[in-house]
Amino acid sequence: METFDHKAIEKRWQEQWEKDRIYLATDDAGKPKKLILVEFPYPSGEGLHMGHLRPFLAGDIYSRYWRMNGYNVMYPMGWDAFGLPAENFAIKNKLHPAVSTAKNVANAKRQLQSWGTGFDWSREVNTSDPEYYKWTQWIFLQFFKAGLAYEATGLINWCPKDKTGLANEEVVNGCCERCGTPVEKKELRQWYLKITAYAEKLLNGLKTLNWPDQVKIQQENWIGRKEGINISYEIETKRNYVILHGWDSNSKDPKYAAIKKEIEKTGAVCALPDLPSTSKPTEAEQVEFVLKNIRFDENTILYGKSLGGVVAMKVLEKLKNPIAGLVLAGSFVGPDGLQGEYPFINSFRWEFDFEKIRRNAGFIKILSDLKDHAVKPTQGKILHEKLGGELTETIAVKSHFGAEHEPAVIEALLPKVTVFTTRPDTNFGATFVVIGPEHRLLNQRNPLNISEKYWKEIQQYQQKVASESDMDRVAEGRKKTGVFTGLYCINNLNGYRMPLYVADYVLGHVGTGAVVGVPGHDKRDFEFAQIFNIPIVRVVQKDRNDSGPITSLEQVQEDEGTMINSDFLNGLDIHQATVKIMDHMEMKGYGKRVVNYKLRDWVFSRQRYWGEPIPLIHCDPPAGGCGVVPVPDEELPLKLPEVKDYEPTGTGESPLAAIDSWVNTKCPKCGGKARRETNTMPQWAGSSWYWLRYSDPHNDKEFAAKQKLKYWQPVDMYFGGMEHTTLHLLYSRFWNQFLFDQSLVTESEPYLRRVPHGLILGPDGEKMSKSRGNVVNPDDVVAEFGADVLRMCEPFLGPHEASVPWSDKGIIGIKRFLDKVWRLSFVFASEAKQSQEIATPTSSARNDNSIHKLIKKISSDIENFKFNTAIAAFMEFLNENKELSQADWEKFLILLAPFAPHVTEELWHQLGHKDSVHRKSWPKFDEKLVKAETVTVVVQVLGRLRASLELPAGTSQAEVKVKAMADANVKKHLEGKQVVKEIFVPDKLINFVVK
RNA sequence: GCCCGGGUGGUGGAAUGGUAUACACGCAGCACUUAAAAUGCUGUGGGCGUAAGCUCUUGAGAGUUCGAAUCUCUCCCCGGGCACCA
């Protein structure tokens, strides 16, 4: 019998294993557990390919190893079944996606089983199963209830082919991650998950994980934490200000005088009149006084504090021409809003023409102190309701905005631009400021009051930028463009007037949306400064000679160095200077240290059919006006309705929007007419918690019972691909951390250990793809050579983490090896321990071939995912051992069982065993017997090999020296030289250093 | 541009400070055979040499070390990620 009938033995044993349920994990708290996870596949129409094989097999071998070592191992499998391909397939073939998905799942499962994998199918999950997505929806509602799911309209990534919005993470090189179509920007209402709230936690959690650095670094970079400072620069304006003080006060009051001084610093004019009868004021007298003595025009900003705010509103009621804006701090609309009795209560008329006030003020800003002792804190909201505008609720430095320096007031009065920088040390070299075209200070209302001439140009520029895609905008070697605003910002450090530009190289949605230009020390700023003839100042030098003007891009100094031309920073290195200037700016009040992240919130809605419906209901006026209301828990799962047309609409609406009977519903809160949310969740939703469900897959009361989670979680080992580092791996950590914070799971991090694998490339060394025609189908290998050959062939290609090309050549080597195992089994098992045919020992001098050495090698290789060298060790063992006891042979079969489960099981039974080889304990090795009795000790002279000696293990240095010196060749090389040093590594080498 | 990997025979790869090229493929020779296949055995990095042996060799170059594929620096090439992110 030279080979084995793989088809027969595979069928026999796969059926037997299923019958004996040998791979099922029990929730047995008495045993140590291991949850070994492999990324569950998407069941596509093409079936599983070679690429899937890799992690599945690694996990299979690994979990069999631990199971045989006495662990309660769970190795579960499921289906990530929602998503675009199923839907596209359904559209093309006019099938229901559920039907085609079920077909694909059945096929993929058949494949997995044909490979002899030991998955626990009793825990199978499917993300598109309503019993499963009920809990995906339920978890989403927990996000919603915690305020971490929100609706917003914004420019999002839009794939024109798939006709859906995409998350940031799904855009690869400006193209759709799924279909490769260049992504466009589209203004859409979307649901977001606030992953940014978890930026710090996601970053810190990484430190505790046993993951490859490569993966951790990639996530760190994606989160992109940066420490820096927000600096506010005042903008010079052509405005004039009027300050109306409160009750029982006057122009000498330092809290008003200080504001006046701040305003005048920007070059603006400021009136601060003493209002008449300030301790017993009347409306008529004060309003008349202001109207008579103060000039108002379209550039006037009127600031009223407390009762001064009331006077300001009354003044605005009477004005004929509108003014630039109204700022109110600690103001109120009537005696009800006051805490206490005041003498002016009866001398004012507590009625306002809010409509008129609104019309007469270009902008309105309302400041409310939440700890105000004089005015009730609710007055801010009331004013905001009546007047609109911008409401800032804050805690004042001194109650009722009573301090000399109230940043909130200054901020509201003076137009400022805030920049984010990580290099404030170079701020003495700042010569311009740039804001992004999308910045809110450049909205249609022109809040900065930019003069007509520049404003027109800016609007044109904004339009131009809006029409460009992100791809165009970041294209390499692109010339900087921009427009001057006619305004200047004041650098508080040295009074330098920095021109303010609008330019698209600054992204309006990143950081503060504005940047300070330091052209001597930032290449982008340099390019911009050159085009617009902006001065370039050097403030850092590498060394003393490095002090000349910076005139070319190569000279731009972005590296380490020492500060010059920077007043009190001179002589410090850039790091010391950064700390000192940040302290300075924070103390002076125009800078604030901040942490910035590159991570952005997760766009969580898709305009497609085949996904979990978002379980929310919109109850808008004129119905109840309850806003967005969650679908009640007892109505979950909110099932996908049957629909005639799955075709995406492309309008930004999901196909669900067309089903009136589904969309129109009742508000769960007020019972009024309401509409269902029609977007669905992204593909990543179902996979963001699936490993938790394996702990308790049939629970219909909760997504998993706490005590089951407590036993099984966290995942001990997670096999998967590099491509999910900033997608699934980041998203699912986020969900897990959130569930942990809600006390719904027991671990803050889901995956203790992660092992990524390399790609299986086509035989041509290129990525396998249908278009290249280099796809190798694992089914073909199974059919021709058997599952065990496939299972050993794939890992033998190369190291698990490396990308390796598939090669048919490897198949024959493995095939020969397994045939040899098959033949030798009968030899070793026979009564005669030696066969003349095979056992003709040739290299019997070596005795380092004991089964103990093999046990040790295979164990450590499996634990370290070095399956390729493990297989080599099996081969070596057979090459070296021409005779073997049946006991050692049985150990060999047990060791081989995780790799070749069918052949070993068959041989095991042919040896007369009735139980399964897969239920045997992993053999133990004796460390003493692992060590060879004789070793090869290498003799070197000056590090060069001159002889090698076969010696008993443990030979002493002195003895080795004597033996080495006796060697003719060694003698030759030592002749006439003096040994100055001897290096001895026991059982390995002796090296003579000679002169 | 920045951040991660990687570069070793004809080929896939092994060795992570101590014999470079394990294991496998391929190739060559031998045995078995009427023959072939299968199987077994032997050989297989380059140069010099009859041989013993010498010498060169891990992308290129330098350095550290008694000793470097392995550590350090510079450069080249390949793969992956990020990117006008302030």
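Per chain, numbering begins at 1; letters A, B, ... match sequence-line order.
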Give His521(A) one of three labels, base, sugar-phosphate or nothing, depending on what nucleic acid heavy atoms sit under 4.0 Å from its own.
nothing
Closer than 4.0 Å, any side-chain N/O of Arg944(A) to the OP1 or OP2 of rG18(B)?
-> no
*With C1' as the reference atom in both, quote the distance from rU58(B) to rA14(B) in angstrom, rounded to an integer.*
12 Å
**Item:** Nearest-Å distance once atom C1' is located in both rU57(B) and rA68(B)
**Value:** 14 Å
Rounded to whole angstrom, note down the P distance from rU21(B) over to rG43(B).
14 Å
Distance col, row Gln530(A):CD vs Leu553(A):CG, nearest 0.5 angstrom, shows 7.5 Å
- P spacing across the pair rA38(B) / rU19(B), given as an integer number of angstrom: 37 Å
Leu942(A) atom CG is separated from rU55(B) atom C1', nearest whole Å, by 16 Å
Original post:
When the C1' atoms of rU16(B) and rU74(B) are considered, how many whole Å apart are they?
Top reply: 23 Å
Salt bridge flag under 4.0 Å for residues Asp861(A) and Lys857(A):
yes
### Query
With a 4.0 Å cut-off on heavy atoms, is Leu989(A) in touch with a base, just the backbone sugar-phosphate, or nothing at all?
base
Any heavy-atom pair between the side chains of Thr725(A) and Arg754(A) that's under 4.5 Å?
no
With the side chain defined as heavy atoms from C-beta on, Arg946(A) is closest, among rC84(B), rA15(B), rU55(B), to rU55(B)
Contact under 4.0 Å: Asn173(A) side-chain N or O vs rG81(B) OP1/OP2: no
Interatomic distance at P, rC27(B) relative to rC78(B), whole Å: 32 Å
Check: Between rG9(B) and rG45(B), how far is it from one P atom to the other, in whole Å?
Finding: 13 Å
**Q.** Separation of the C1' atoms in rG79(B) and rC30(B), to the nearest angstrom
**A.** 45 Å
To the nearest angstrom, the CE-P distance between Met875(A) and rA22(B) comes to 14 Å
Hey, does the side-chain of Lys480(A) have a donor or acceptor N/O within less than 3.5 Å of a partner on the base of rC84(B)?
yes
